[in-house]
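Report on one structure; see the data block that follows.
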Amino acid sequence: MVDSKQQWKAWLYLSPAVVLLLIFTVWPIYNTIKMSLLEGFTTMGSVNGVQYQFGFGNFTRVLQYPGFITCLKNTVLLCVLTVPISTFLALLIAVCLNAIRPLQRLLQTIFFLPYVTNSIAIGMVFAAMFNMIMGGGARPDSVGIINNVLEALGLNYINWLNYGSSYWANIAVMVVYIVWNALPFKILILLGGLQSVNKQYYDAAKVDGTSKVRTFTRITVPLLSPMIAYVVITGFIGGFKEYSSIVGIFGESMGPVGNPYSLDTMVGFIYRAIGNQEGTASAAALILFAIIFVVTMINLAVSKKNTHY
Amino acid sequence: MSEIKTMQIRDMHKVSATQKVMKVITQILLYTFLGLMALIVIFPFYWMIISSIKTMDEYRRAIPTLIPEYFDFRNYVEVFMSEDLLLGRLFANTVFVGVVSTVLSLIITVLSAFAFARLEFKGKNAMFAALLATMMIPGELFTITNYQTVNTFGWMKTFTVLIVPFLVSVFYIYLLRQNFLQIPNELYLAAKVDGTTDFKYLWKVMIPLALPTIISITILKMMGAWNSYMWPRLVANDDEHRLITNGLRTAFTNAEGVTDIPVQMAAVAVVSLPLFLVFIFLRKYIMKGVSRSGIKG
């Protein structure tokens, strides 16, 4: 039996969290849904006593707005490119790390280093590495260190992110940076998973004379599948909220000089609508939530089918 | 007969010799691959540091120097003296917001986690499930309304607006509750028999036992303040309250959009240094906290 004194005490302990959650979590859920269903809602208008009609106009308008479609396209593209690349690379690195003894801890620490960085600050370093510095001549004074490496390999230099750079060059820069940023977390989780795999499975495979490749695909990957599913799901959730890495590289203009917002994302779109177009922002945020929800559910369903515990 | 036996033994030796060679080759390949990847991972940090001690003339050369010709620390002097960045102010603001929000957040988290782990009340499980469900919602959905709310409260351009809306983290409550649940209930009942108050038990027994988790939460929360960008830019991007990341992004780029990269790199290095120091000394806690969260900051 729960005595009333303990009831009272429990709520006392919970009260600060409950008050803050009501104001900053529960109310926003209700209010954002409400604003999304009031056509063309703006805070300014509502303060001035404008009455808004109920309907799905915000959703249909957002989905027809070319700026939003660009954001949606960029977000999905970056997700689809970076999640598989970073997961595969992280798996490869984790498996290799697990197979060595000396220097393992040092290398593990190095691979974790990108995690403890400010994604805006290091984005600026990546921008500098890809950046060209123009001079008077046809060829830039400096083509940037990445292009120097390309030229050393006998390739031509590429305009990655300066004025007049192509969309795909911009996307390539973003993919490199996002993958670099995503590796540490994935390696940490996958290596943790590998280290907890029971050694007996490998001994059994060795006795049976199973090849290394077969051991990997038939033992390591299945046993690791819960962790792989976990990093893929968190990768997609993070990927759909991509924003600050682009600000780090391209700045608030979300695109190269002369082509602003060409790399804008869903979150970028929502942020720019805050403070002037709340109805639109709310609809966009709910669409983002719906996408994340659906993708997570699909991932869960797929991983449930392929996961072996 | 004996000849066959020696041949067999010789064959066995041969097999183990090839195996040994294979093993050495595999190890060489492993270390080469990992070394190469490690170089790629580290290179941006190296480039940041060497660029920050180059002059602009050396930086813009067609063939870059991998080791600066001479170490020029004037860029750092410029960073600290800059009217453009006001680094001291940004540091002070960020540390203040980070410390206050971490302390308050820890108090709230500990109290809530204790209630969920040890106290009994109606609707406990339903409420906990509802809390966990909110973790699925992207933060931007809350931000739209919270922007209106803090405006109504008159909190724009204050430190309050940078601290209060993010004090409750459902994830940290969850993390600490799980940790508290591992502490045997017998300890609690024994303390009750001895007449220890709940609060004293929490303070003297549970917090010390859950200290590693609490340290992890502290570090992640501090890192969050150091790295926060979007919310501060929306609600308190004035000179008096600006946080470090917001100041950094726009500094050292002139009106024509031309950036003084070496100075900018020096600023990035200065901003990154505290994170590296924290990482070097508290690596264990960070990695433990991160492996259970998947959340940056």
Side-chain angles (χ1 to χ4, degrees), chain A residues 2 6-7 9-11 13-14 16-17 20-21 23-25 27-28 31-32 43 93 96-97 99-100 107 109-118 120-122 124-126 128-129 133 141-142 145 148 185 188-189 192 234 241 244 247 257 267 270-271 274-275 278 281-282 285 288-289 292, chain B residues 27 30-31 33-34 37-38 41-42 44-45 47-48 51 60-62 64 108 111-112 114-115 119-122 134 136-138 140-149 165 167-168 173 198 226-227 229-230 234 245 248-249 257 261 264-265 268 271-272 275-276 279 283 286-287 290-291 294:
Chain A
V2 178
Q6 224 191 9
Q7 290 264 3
K9 203 189 294 169
W11 287 107
Y13 277 78
L14 280 174
L20 287 169
L21 282 168
I23 301 172
F24 295 109
T25 304
W27 163 246
N31 189 50
T32 304
T43 314
I93 292 173
C96 292
L97 270 178
I100 62 167
L107 284 166
T109 306
I110 290 175
F111 285 121
F112 192 70
L113 215 48
Y115 191 88
V116 236
T117 54
N118 184 317
I120 303 247
I122 302 297
M124 290 158 75
V125 178
F126 270 75
M129 285 163 50
I133 301 172
D141 277 5
S142 159
I145 183 69
N148 289 135
F185 172 67
L188 181 74
I189 299 293
T234 51
K241 302 204 305 190
S244 57
V247 174
V257 177
V267 170
I270 295 168
Y271 270 85
I274 288 177
E278 278 80 4
S282 304
L288 176 64
F289 173 53
I292 290 179
Chain B
Q27 288 288 311
L30 282 174
Y31 278 101
F33 171 71
L34 288 173
M37 291 310 293
V41 164
I42 270 193
F45 300 117
W47 194 248
M48 166 182 85
S51 301
R60 60 184 297 156
R61 268 187 217 164
I108 293 171
L111 292 177
S112 315
F114 180 72
L119 301 175
E120 290 301 330
F121 56 96
K122 263 185 215 144
T134 63
M136 278 199 52
I137 302 169
E140 292 69 33
L141 201 144
F142 303 124
T143 309
I144 303 164
T145 296
N146 287 344
Y147 180 83
Q148 296 175 329
T149 308
L167 283 180
V168 185
I173 294 175
D198 273 352
W226 200 257
N227 292 336
Y229 179 78
M230 295 196 265
L234 273 179
T245 312
L248 179 69
R249 179 59 258 194
I261 291 176
Q264 194 191 45
M265 288 302 107
V268 170
V271 171
S272 304
L275 288 172
F276 285 127
F279 178 61
R283 194 185 62 210
I286 298 179
M287 290 171 87
V290 169
S291 64

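Within every chain, numbering begins at 1; the chains are lettered A, B, ... in the order of the sequence lines, protein sequences first and strands thereafter.
In terms of heavy-atom pairs under 4.5 Å with chain B, the best-connected choice from Ile292(A), Ile122(A), Ile270(A), Thr109(A) is Thr109(A). Comparing Ala17(A), Ser244(A), Pro16(A) by how many heavy-atom pairs each has under 4.5 Å with chain B, the most go to Ala17(A). Residue with the most contacts toward chain A among Phe114(B), Phe33(B), Phe276(B), Trp226(B): Phe33(B) (heavy-atom pairs, distance under 4.5 Å). Your options are Ile100(A), Asn148(A), Ile110(A), and the one with the most heavy-atom pairs under 4.5 Å with chain B is Ile100(A).
The distance from atom OG1 of Thr43(A) to atom CD of Gln148(B), rounded to the nearest 0.5 Å, is 4.0 Å. Taking CG of Leu141(B) as the start and OG of Ser282(A) as the end, the distance is 7.5 Å to the nearest 0.5 Å. In this structure, OH in Tyr13(A) is found 15.0 Å from CD1 in Ile108(B), a value given to the nearest 0.5 Å. With values rounded to the nearest 0.5 angstrom, Ile23(A) atom CD1 is found 8.5 Å from Thr149(B) atom OG1. Rounding to the nearest 0.5 Å places CD of Glu278(A) at 8.0 Å from OH of Tyr147(B). Annotation: the span from Ile274(A) atom CD1 to Asn146(B) atom CG amounts to 9.5 Å, rounded to 0.5 Å.
When all heavy atoms are compared, the tightest approach of Ala115(B) to Leu14(A) is CB-CG, 3.7 Å. Scanning both residues, Val41(B) and Pro114(A), for their nearest heavy atoms gives CG1-CG, 3.6 Å.
For the residue pair Arg61(B) and Ser142(A), no side-chain donor N or O sits within less than 3.5 Å of a side-chain acceptor on the partner. Side-chain contact annotation: Thr32(A) with Thr145(B), donor-acceptor N/O pair under 3.5 Å present.
Checked against a 6.0 Å centroid threshold, the rings of Phe279(B) and Tyr115(A) do not count as neighbours.
Under the side chain to side chain contact (heavy atoms under 4.5 Å, CB included) test applied with Met124(A), the options Leu248(B), Ile261(B), Val271(B) reduce to a single match, Leu248(B).
Residue contact with chain B, scored on non-hydrogen atoms closer than 4.5 Å, involves the backbone and the side chain of Leu113(A) alike. For Asp141(A), the parts lying under 4.5 angstrom from a heavy atom of chain B are both the backbone and the side chain. For Met265(B), the part lying near chain A is the side chain, with the backbone staying farther off; criterion is any non-hydrogen pair under 4.5 Å. For Thr134(B), the part lying under 4.5 angstrom from a heavy atom of chain A is the side chain only. Both the backbone and the side chain of Ile93(A) come within contact range of chain B, judged by heavy atoms closer than 4.5 Å. Residue contact with chain B, scored on non-hydrogen atoms closer than 4.5 Å, involves the side chain of Leu107(A) exclusively. At a 4.5 Å heavy-atom cutoff, the contact between Phe289(A) and chain B is made by backbone and side-chain atoms alike.
Judged by distance alone, with hydrogens and angles left aside, the side-chain atoms of Arg60(B) form no donor-acceptor pair with the main-chain N or O of Ile133(A) at under 3.5 Å.
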Determine, step by step, whether Phe24(A) and Phe142(B) satisfy the side-chain contact (heavy atoms from CB on, under 4.5 Å) criterion, reporting the C-alpha distance in whole Å, the side-chain angles of both residues, the deciding distance to 0.1 Å, and the verdict. CA-CA 7 Å; Phe24(A) 295 109; Phe142(B) 303 124; over 6 Å; no
Residues Tyr229(B), Asn118(A); criterion side-chain contact (heavy atoms from CB on, under 4.5 Å); working and verdict: CA-CA 10 Å; Tyr229(B) 179 78; Asn118(A) 184 317; over 6 Å; no
